[in-house]
Amino acid sequence: GQNIDQPTEMTATEGAIVQINCTYQTSGFNGLFWYQQHAGEAPTFLSYNVLDGLEEKGRFSSFLSRSKGYSYLLLKELQMKDSASYLCAVFTGGGNKLTFGTGTQLKVEL
Amino acid sequence: AAGVIQSPRHLIKEKRETATLKCYPIPRHDTVYWYQQGPGQDPQFLISFYEKMQSDKGSIPDRFSAQQFSDYHSELNMSSLELGDSALYFCASSLRQGEAFFGQGTRLTVV
């Protein structure tokens with residue numbers, strides 16, 4: 001079966017850096033995505049990792065270690081608008097099943 | 001740029017009724033996914049299609065069925081609706097294993 005774990009909630013200060021971890025145990029692995037979701041809205045794509053290492057995209061970076069079944073999303077220079085749920089999602093099987101983790105609710109405070 | 005279109009945006013149905021949700025993927029995307037998201041929960045995978053063929057199935061109740069048509073739009077049919085079916089239903093599309101783009105969702109309320 002699929003098991004994707006993330007912390008439920010995190011709080012950070014505006015301007016700071018926060019790291020959101022994701023661990024996974026899945027049957028088959030074809031890539032890992034991070035999405036941002038504001039309440040009541042659709043998830044929006046942030047990053048994609050298929051090989052080990054760090055992918056940087058502006059204020060957001062994502063890291064993957066396939067051998068450890070581990071990824072993290074790094075958000076720098078936090079802004080109030082970054083308060084949202086961050087979802088880790090893994091492509092499994094034949095690549096046509098995107099399974100989401102439990103999501104991490106990030107609250108950015110002044 | 002064209003995005004994933006879902007209709008309707010909101011739907012209110014009574015228990016035991018039937019509902020049909022529609023999804024129009026981004027042009028040239030070959031994969032469509034359906035997700036159900038209850039309040040405070042993560043999106044739960046229901047079903048996916050690749051090139052109009054069902055490719056993966058998740059926790060989709062037997063009361064639900066879905067198909068993808070020749071023009072690549074997809075429909076999720078939900079029968080014998082229950083109160084617990086009230087949720088946001090998202091459709092997403094992608095090109096093979098690329099990033100999935102989500103529609104704005106259909107909010108279904110069963111009363």
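Letters A, B, ... mirror the listed sequences (proteins, then strands); counts begin at 1. Heavy atoms only: backbone and side chains are in, while hydrogens, waters and symmetry mates are out.
Heavy atoms from other residues, nucleotides or ligands lying under 6.0 Å from CD of A:E77 number 12 at most. Sparse packing is recorded around NZ of A:K107, with 12 or fewer heavy atoms of other residues, nucleotides or ligands lying under 6.0 Å away. Taking a 6.0 Å sphere around CE of A:M80, one finds it holds more than 12 heavy atoms contributed by other residues, nucleotides or ligands. More than 12 heavy atoms of other residues, nucleotides or ligands shown are found within 6.0 angstrom of CG on A:L54. Heavy-atom contacts from other residues, nucleotides or ligands closer than 6.0 Å to CG of B:D62 number 12 or fewer.
Taken from OG1 in A:T92 to CG in B:D56, the straight-line distance is 6.5 Å, to the nearest 0.5 Å. Taking CZ of A:F91 as the reference point, atom OG of B:S94 lies at 5.0 Å (rounded to 0.5 Å). If you take CD on B:Q37 and OG on A:S85, they are separated by 7.5 Å, rounding to the nearest 0.5 Å. Here the straight-line distance linking atom CG of A:L98 with atom CZ of B:F45 works out to 8.5 Å at 0.5 Å rounding.
A continuous path of Ile, Leu, Val, Met, Phe, Trp and Tyr side chains, each step under 4.5 Å between heavy atoms, connects A:L51 with A:Y48, placing both in one hydrophobic cluster. A single hydrophobic cluster is seen to contain both B:L46 and B:V110, as judged by linkage of ILVMFWY side chains at heavy-atom distances under 4.5 Å, directly or through other members. Using a 4.5 Å cut-off between side-chain heavy atoms of Ile, Leu, Val, Met, Phe, Trp and Tyr, with links allowed through other members, B:I60 and B:L81 fall into the same hydrophobic cluster.
Of the atoms belonging to B:Q44, not a single heavy atom falls under 4.5 Å from chain A.
Nearest heavy-atom pair across A:G40 and B:R107 is CA-NH2, 4.0 Å. The shortest heavy-atom contact between A:A42 and B:G103 is CB-O, 2.9 Å.
Counting only heavy atoms from C-beta outward, the side chains of B:K57 and A:K97 never approach each other to under 4.5 Å. The closest side-chain heavy-atom distance from B:E99 to A:F45 is below 4.5 Å. In this structure, the side chains of B:Y35 and A:F100 come closer than 4.5 Å at one or more pairs of heavy atoms.
Interface remark: of the candidates B:P39, B:P43, B:G105, B:P43 forms the most heavy-atom pairs closer than 4.5 Å to chain A.
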Test log, rule side chain to side chain contact (heavy atoms under 4.5 Å, CB included), inputs A:Q37 and B:F90: CA-CA 12 Å; A:Q37 186 178 28; B:F90 287 109; 3.6 Å; yes
